[in-house]
Amino acid sequence: MWLQMIILWLVLRVQISIEARCFAVARTYSIGRSMEGRELLVVEFSDNPGKHDLLEPETKFVGNVHGNEVLSRQLLIHLAQFLCTEYLRGNQRIQTLINTTRIHILPSVNPDRYEVIGSFNLGTNNAQNIDLNRNFPDLTSIVYRRHRQKGHRTDHIPIPDSYWFGKVAPETYAVMEWIRSVPFVLSASFCSGDLLVSYPYDLSKHPQGNDTFSPTPDQKVFKFLAGTYANAHQKYKL
Ligand SMILES: *[C@@H]1O[C@H](CO)[C@@H](O)[C@H](O)[C@H]1NC(C)=O
Ligand SMILES: *[C@@H]1O[C@H](CO)[C@@H](O)[C@H](O)[C@H]1NC(C)=O
């Protein structure tokens, strides 16, 4: 209990102190609350925090999707500290990144489960036992279906009504609202426990499955981005 309180205090302190230390380029904000009411806190880096600058790409990084996968959360907190420290030190590469893009970091989208993993292992899901990693609408299957029925658009697919009849976690909803309010062009969501990069459309076209290769028109871009991440690591293989 005490250990968890100290960790929580440290996490909050880190976020507050990043904002305080890097006030010219960093801001902390909340995108909503978890099932048990914890703030979903984002640290944002930009030369104009809080505003979308025309033509500046918006990026987001989300961690701790599974409550017990704490490495992803730690990595993103360290990334935020790194960006702040290096900006202040005058690192040209980091300054250019912050001056020309907007970076949003949500270290924990599943803080409820993170809070209890110290005392007993409750696994990956949120407080309602929903796997946040599987709780977003599955638009990929709709795209595949429309491909088969030629003549249907696949570039703009509304969320089907049936999705809302299912259980949508408050954390999932907060992230969906966030995506709607900021025009993100690049995102990554971090888990931990494996050396694997999966990119959009990683579902097989054939429901029963196997490892059917299902490329999309953006295959080259997706593979390039995933490769850039994986190849920077000694042990990843693409
Ligand atoms: C980034 O922007 C700040 C504030 O305008 C400026 O002082 C700094 O020199 C810029 N850094 C780079 C590498 O362009
Ligand atoms: C899955 O792969 C196995 C072995 O390669 C094959 O025998 C089977 O027919 C495949 N199933 C489907 C649905 O493609």
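Please read these numbers as outputs of a predicted model, since none were measured by experiment. Counting starts at 1 for both ligands and their atoms, following the listed order. Computed from heavy atoms alone, side chains included, the values below leave out hydrogens, waters and symmetry copies.
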Which of the atoms in ligand 1, numbered in the order shown and given with their element, are less than 4.0 Å from a heavy-atom of [X]?
X	result
Asn99	1 (C), 2 (O), 3 (C), 8 (C), 10 (C), 11 (N), 12 (C), 14 (O)
Tyr87	1 (C), 2 (O), 3 (C)
Gln92	13 (C)
Thr96	13 (C)

Item checked: Ionic contact status for Arg102 with Glu56, cut-off 4.0 Å -> no
Next item on the list: Inspect the contact between Glu39 and Arg33 and indicate whether a charged nitrogen and a carboxylate oxygen are less than 4.0 angstrom apart.
Entry: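 Result for this pair is yes, salt bridge flagged.
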Notebook entry, point to check: Would you say the side-chain atoms of Asp112 pair up with the backbone N or O of Glu36, donor to acceptor, closer than 3.5 Å?
Noted result: yes
Check: Taking the side chain from Thr85 and the backbone from Gln81, do they hold a donor-acceptor pair closer than 3.5 Å?
Finding: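 At least one qualifying donor-acceptor pair exists.
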Margin query: Taking atom CZ as the centre, does Phe23 end up with more than 12 heavy-atom neighbours from other residues, nucleotides or ligands that are less than 6.0 angstrom away?
Written below: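 For Phe23, atom CZ is not crowded (no more than 12 foreign heavy atoms under 6.0 Å).
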Next item on the list: For atom 14 (O) of ligand 1, state whether the nearest protein heavy atom is under 4.0 Å away.
Entry: yes
Next item on the list: Answer yes or no for atom 5 (O) of ligand 1: protein heavy atom present at a distance under 4.0 Å?
Entry: no
Note to self: I need the minimum non-hydrogen distance between Asn110 and Thr124, along with the two atoms involved.
What the structure shows: ND2-O, 3.1 Å
Check: Is there at least one pair of N or O atoms, one from Gln95 and one from ligand 1, spaced under 3.5 Å apart?
Finding: yes
